[in-house]
Structure formats: structure tokens, C-alpha cells
Amino acid sequence: MTNNPLLKVPQHVAIIMDGNGRWARQQSLSRLEGHKRGSEVAREIVTTAARLGISYLTLYAFSSENWRRDPNEVSGLMTLLKHYLESEAEEFHKEGVKLKVIGQRELLPNTILTLVEEVEELTKTNKTITLQMAISYGSRAEILHAVQKIGQKVRDRRLDPENITEQIFEDHLYTAGIPDPDLLIRTSGEQRMSNYLLWQLAYTELLFVDKFWPDFTSEDFMETLITYQNRERRFGTAA
Ligand code: IPE
Ligand code: IPE
Ligand code: MG
């Protein structure tokens, strides 16, 4: 038997990148500067995850509920997102990153939607890592959307209700085809899901980090992976 720890690198890591605003306040900066620094950290974590052999990384960048924030913060975040996609598209492509956006796309400004579609098209055959960016994402909306699509198929007699399995349900989520996360990390000390991947996290290991996202480093990330490696996952079997 080998106990090479690399064998236990999680296949899929999901992150709630929280604490940009509090970090900025602590540094006497604007919230937007916090988001800017946060986007740089996100960039670094994508590269680190790819180097470590993680196959899927899902980052919570903007929730359905975040639309309720001050309009200046929302438009600042959209501009930042646009710059991020524009400046990183080529680099992502070179690094073998396949980008996929999950969320209510129809709510995004047209310029961002077009850009997202371009980057998804450019990177669609990349194999090193799949980066799912959750933008305008809410898990309850995702589940309702799946229920509506399944309901239409039942109405059109293309699906028998008795044949609706977990697999069929998953096939109708935004995350169709992507395995469930093995590890969820939330920074900033908050311990809640905030409407993130509620179906997909059923058996995920949860890890809460007491640092604001802009202070989170690749070393912190690797520490969370070591903690994960020492967890025993049972999936309902006896201890
Ligand atoms: C996370 O940081 C980024 C987004 C939600 C867009 P926050 O903006 O939530 O920062 P805090 O939680 O207010 O400190
Ligand atoms: C969750 O963080 C969303 C993102 C990190 C993008 P929030 O800061 O919006 O969550 P709550 O409001 O503290 O639950
Ligand atoms: Mg927050």
C-alpha cells in the first residue's frame, strides 16, 4: 500500500471567497479595493489548484442575493469582473483552464454575458482544470430551474415522473456533468452556506478559515488540503 498524500488531493474544491469588505475596512480602503485584491487572490488560487492536480475548482464570486447591495458596489463588481475576464482569458487558455459560468446568466449585463460566452468558447476543450465561476448564482434558483425543466419534460410526456432519479435531477442543474465537491472552504470566519451548491454539498467536507479572502494565500490553501486529507469520509457507513 502506498500512502502518497497526493493520491488524496480532492478532485473538486468549492470556495466561498468571503471577507473582501471587512478586509478593506481594516485597511482603511474602499470595499471595491477589497474586491480587487480578492480577484488577485482568486487568480493565484486557480493556478495553484491546477498545479496541484485538482480537476475542478468552483468559486463563489457573486450571489443572487448580492444584487441587493448598494448599486455602486454592484456596478464596481461587474466592471471588475469584466476586466478580470478580459485580462485573464488568454492566460487561462495557456494554462489549460476551462472556464464555465454557473448562475442566472440572464441577469448579467450584456457586455459581461458576451465576454463569458467568448471565454467559454475559447477554453472549452481545455483539460488541466475546470474553473466554475458562480456569478449571479443561487442554489435555490438553480434547483427551481431544474424542477421547471423536468416539469416541462413530464408535461410533454418525454419523462415519466417515476423515472426521475438523482442522476436525472443532477443532469438538470447548472453543474451537470461535474462531480460533487469533495471540499468546501469558506473564508472570513462566517459559518454558513449562503445559498451555495445546496444539493451538491450533501457529502462534502466543510472547512471554515478565520482569514479574510484577500489575506488567503496558496500556503493557506495547501493547509486546507492537508486538513482534508486527514478527514475520514464515511458517506453513511459505520465508523
Ligand atoms: C465577498 O466579500 C465578495 C462578494 C460577496 C462579492 P464580501 O463583499 O461579502 O465581504 P464582507 O463579507 O462584507 O467582508
Ligand atoms: C457569499 O457571501 C457570496 C460570495 C462570497 C460571492 P456573502 O457575503 O454575500 O454572504 P452573507 O450575506 O454573509 O451570507
Ligand atoms: Mg460577505
Side-chain angles (χ1 to χ4, degrees), residues 12-46 49 56-88 99-109 111-113 115-116 131-145 173-175 178 181 183-201 204 206-217 220-221 224:
H12 183 177
V13 179
I15 307 184
I16 303 178
M17 311 184 289
D18 195 19
N20 293 349
R22 279 164 283 167
W23 177 87
R25 195 191 307 143
Q26 202 182 52
Q27 315 281 321
S28 308
L29 297 169
S30 67
R31 290 185 64 85
L32 216 52
E33 310 243 31
H35 294 313
K36 190 161 178 290
R37 175 70 200 124
S39 73
E40 288 159 15
V41 171
R43 185 63 194 88
E44 183 186 323
I45 297 300
V46 174
Y56 305 91
L57 179 68
T58 303
L59 300 179
Y60 207 0
F62 191 86
S63 75
S64 312
E65 289 74 27
N66 290 150
W67 289 113
R68 297 184 198 140
R69 291 190 181 192
D70 182 297
N72 287 326
E73 181 172 355
V74 171
S75 72
L77 276 164
M78 289 301 140
T79 308
L80 187 63
L81 192 60
K82 183 165 171 279
H83 290 159
Y84 186 79
L85 289 170
E86 279 167 350
S87 63
E88 301 305 331
L99 180 89
K100 208 187 135 203
V101 167
I102 55 170
Q104 287 177 292
R105 290 173 180 239
E106 61 280 11
L107 299 182
L108 292 172
T111 46
I112 299 209
L113 191 55
L115 204 54
V116 162
L131 170 62
Q132 289 193 112
M133 295 242 295
I135 305 174
S136 187
Y137 175 88
S139 190
R140 288 183 171 183
E142 176 184 37
I143 289 169
L144 273 183
H145 177 74
L173 294 172
Y174 302 141
T175 53
I178 309 278
L183 170 65
L184 169 88
I185 302 166
R186 180 171 190 151
T187 58
S188 92
E190 307 294 356
Q191 303 195 1
R192 56 175 169 265
M193 307 320 301
S194 302
N195 204 9
Y196 196 41
L197 303 172
L198 300 177
W199 169 281
Q200 296 88 339
L201 295 176
T204 301
L206 310 178
L207 219 149
F208 300 99
V209 178
D210 254 335
K211 266 191 173 186
F212 296 136
W213 177 252
D215 283 331
F216 191 73
T217 63
D220 294 324
F221 185 52
T224 66

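Just so we're clear, the structure is a prediction, and the values are computed from it rather than from any experiment. Order of listing sets the numbers, starting from 1, for every ligand and every atom in it.
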> Would you call the rings of Y137 and Y174 parallel, tilted or perpendicular if under 30° counts as parallel and over 60° as perpendicular?
Replying inline: perpendicular

> Can you check salt bridge (Lys or Arg N to Asp or Glu O under 4.0 Å) on K36 and E40, steps first, answer last?
Replying inline: CA-CA 7 Å; K36 190 161 178 290; E40 288 159 15; 3.8 Å; yes

> Checking only N/O/S atoms, does E190 have one that is under 2.8 Å from the Mg ion (ligand 3)?
Replying inline: no

> What is the distance from atom OG1 of T204 to atom NE2 of H12, rounded to the nearest 0.5 Å?
Replying inline: 8.0 Å

> Between M17 and V41, is a side-chain contact (heavy atoms from CB on, under 4.5 Å) present by the stated rule, with each step listed?
Replying inline: CA-CA 9 Å; M17 311 184 289; V41 171; over 6 Å; no

Kindly print each ligand 2 N/O atom paired with any protein N/O atom under 3.5 angstrom away, one pair per line, or none if nothing qualifies.
residue	atom	partner	partner atom	Å
ligand 2	8 (O)	D18	OD1	3.2
ligand 2	8 (O)	R69	NH2	3.4
ligand 2	9 (O)	N66	ND2	2.9
ligand 2	9 (O)	R69	NH2	3.4
ligand 2	10 (O)	R186	NH2	3.4
ligand 2	10 (O)	S194	OG	3.3
ligand 2	13 (O)	R192	NH2	2.8
ligand 2	14 (O)	R192	NE	2.8
ligand 2	14 (O)	S194	OG	2.6

> Is there a donor-acceptor contact under 3.5 Å linking the side chains of Q104 and H145?
Replying inline: no

>> What verdict does the side-chain contact (heavy atoms from CB on, under 4.5 Å) test give for V209 and D220, after you've listed the backbone C-alpha separation in whole Å, the side-chain angles of each residue and the deciding distance to 0.1 Å?
In response: CA-CA 9 Å; V209 178; D220 294 324; 5.6 Å; no

> Between atom CZ of R186 and atom OH of Y60, what is the distance when rounded to the nearest 0.5 Å?
Replying inline: 8.5 Å

>> Nearest N/O/S atom of D18 with respect to the Mg ion (ligand 3), by atom name, please.
In response: OD1

